[in-house]
Amino acid sequence: LSKNTMNVILLKDNSFHLLFQLIYNCIINTLKLEETNEILNNLVLLIKSTKYFGITEYAANYTMFEKYKTKIQDVPKIRQDNFWEIWYETEISKKNEPKEEDKQEIIYEICKTLIQLELPKSMVKKLTDNINIKLHGKGTELYKKTFDVFIKFIVNAKYVSQAI
């Protein structure tokens, strides 16, 4: 599931829903296990895989992530800092000698993913900012530059967030 990270594979209706049920049940079952970096990494890969399988409905294509984001956002791990730190580590490990721009781009992608999940905007800011602080250090020039960009994403997000 996690090998395809370039294209969205369109599935037939039954296959799409069956695959999501399999992925979702795997996600739910990981919640019963002791939380380790390996478990969190597998959870990241499962959730990321939902972005690469889709369905066509009413002449529009939707990924599993888009179609089932309300179920995904209810997974408790989604709201944890360490989950998004593992997400960052998973993405940065794919880069050979990552540059600063690569690191910032991954932070922006995480922010956009959190926005797609329509989590409370204060939570999106907190989770994204924690990665930024860990990576750049609070108050540094790179921190401020990255902060300014992802705050614009949050401000421009087109949903009303609930207070946490």
Side-chain angles (χ1 to χ4, degrees), residues 1-5 8 19-53 62-95 98 100-140 142-164:
L1 288 174
S2 64
K3 297 293 183 210
N4 172 38
T5 59
V8 174
L19 182 58
F20 181 75
Q21 286 306 313
L22 290 170
I23 291 171
Y24 187 69
N25 285 328
C26 287
I27 290 170
I28 295 305
N29 283 317
T30 64
L31 300 177
K32 298 174 187 174
L33 302 173
E34 180 182 343
E35 185 177 299
T36 64
N37 284 353
E38 183 181 0
I39 295 294
L40 287 175
N41 188 52
N42 289 335
L43 190 58
V44 165
L45 294 175
L46 283 168
I47 291 173
K48 283 179 62 68
S49 72
T50 64
K51 291 183 171 199
Y52 302 107
F53 294 96
Y62 301 96
T63 64
M64 278 182 198
F65 188 84
E66 294 165 331
K67 192 92 172 133
Y68 290 113
K69 70 181 173 188
T70 56
K71 281 190 162 200
I72 295 169
Q73 71 183 198
D74 288 339
V75 175
K77 303 284 185 214
I78 293 290
R79 298 168 187 268
Q80 293 179 194
D81 284 329
N82 61 340
F83 175 81
W84 295 102
E85 289 170 9
I86 296 289
W87 189 298
Y88 175 85
E89 293 300 325
T90 301
E91 290 301 302
I92 203 70
S93 69
K94 294 177 187 175
K95 307 283 184 187
E100 197 54 50
E101 300 83 40
D102 296 326
K103 295 174 184 178
Q104 288 175 307
E105 195 56 42
I106 293 169
I107 292 174
Y108 302 150
E109 288 304 315
I110 288 172
C111 183
K112 290 175 187 176
T113 299
L114 289 163
I115 289 169
Q116 286 176 314
L117 287 169
E118 295 184 8
L119 293 176
K121 291 180 180 179
S122 58
M123 181 179 288
V124 173
K125 179 195 172 286
K126 177 185 146 304
L127 292 169
T128 309
D129 198 36
N130 286 344
I131 295 169
N132 191 24
I133 290 169
K134 189 172 184 173
L135 188 62
H136 298 119
K138 193 167 183 123
T140 64
L142 277 171
Y143 167 84
K144 291 175 188 172
K145 181 180 173 186
T146 306
F147 182 86
D148 290 342
V149 173
F150 76 72
I151 286 298
K152 287 178 186 171
F153 293 148
I154 296 168
V155 169
N156 293 329
K158 302 282 189 235
Y159 68 95
V160 177
S161 71
Q162 302 293 323
I164 55 172

Taking every non-hydrogen atom, the tightest pair across [X] and [Y]:
X: L127; Y: I78; result: CD1-O, 4.0 Å
X: Y143; Y: G137; result: CB-O, 3.2 Å
X: P120; Y: R79; result: CD-NH1, 4.0 Å

**OP:** Test side chain to side chain contact (heavy atoms under 4.5 Å, CB included) on F65 and I72 and set out the steps.
**Re:** CA-CA 8 Å; F65 188 84; I72 295 169; 3.9 Å; yes

Interatomic spacing from [atom1] in [X] to [atom2] in [Y] - rounded to 0.5 Å:
X: E91; Y: K103; atom1: CD; atom2: NZ; value: 15.0 Å
X: I39; Y: E34; atom1: CD1; atom2: CD; value: 9.0 Å
X: I92; Y: I106; atom1: CD1; atom2: CD1; value: 3.5 Å
X: E35; Y: T30; atom1: CD; atom2: OG1; value: 9.5 Å
X: L117; Y: T70; atom1: CG; atom2: OG1; value: 10.0 Å
X: I27; Y: L43; atom1: CD1; atom2: CG; value: 6.0 Å

**OP:** Could you please spell out the steps behind the side chain to side chain contact (heavy atoms under 4.5 Å, CB included) verdict for L114 and W84?
**Re:** CA-CA 10 Å; L114 289 163; W84 295 102; 3.3 Å; yes

Flag this pair as yes if the NZ/CZ of [X] is under 6.0 angstrom from the six-membered ring centre of [Y] and inside a 45 degree cone about the axis; otherwise no.
X: K138; Y: F147; answer: no
X: K77; Y: F83; answer: no
X: K112; Y: F153; answer: yes

Flag for [Y]-[X]: side-chain donor and acceptor within less than 3.5 Å:
X: Q104; Y: H136; answer: no
X: E89; Y: N41; answer: no
X: Q80; Y: E85; answer: no

Original post:
Is there a donor-acceptor pair under 3.5 Å between the side chain of N156 and the backbone N or O of K152?
Top reply: yes

Original post:
Quick one: does N132's side chain have a donor or acceptor within less than 3.5 Å of a partner on T128's backbone?
Top reply: no

Original post:
For the side-chain contact (heavy atoms from CB on, under 4.5 Å) test, which of I47, V8, I23 pairs with M64?
Top reply: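 With M64 as partner, I47, V8, I23 yield a single side-chain contact (heavy atoms from CB on, under 4.5 Å), made by I23.
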
Subject >> K134, NZ atom: more than 12 neighbouring heavy atoms under 6.0 Å >> reply: no

**OP:** Verify the neighbour count for atom CG of N37: are there more than 12 heavy atoms of other residues, nucleotides or ligands below 6.0 Å?
**Re:** no

Original post:
Would E66 and K69 count as a salt bridge (Lys or Arg N to Asp or Glu O under 4.0 Å) if you check the C-alpha gap in whole Å, the side-chain angles of each, and the deciding distance to 0.1 Å?
Top reply: CA-CA 5 Å; E66 294 165 331; K69 70 181 173 188; over 6 Å; no

Original post:
What is the ring orientation for Y24 with F20, classed by angle as parallel under 30°, tilted 30 to 60°, or perpendicular over 60°?
Top reply: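 Correct class here is parallel.
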
Original post:
Going through the distances and angles, do T50 and K67 end up as a side-chain hydrogen bond (donor to acceptor under 3.5 Å, both in side chains)?
Top reply: CA-CA 9 Å; T50 64; K67 192 92 172 133; over 6 Å; no

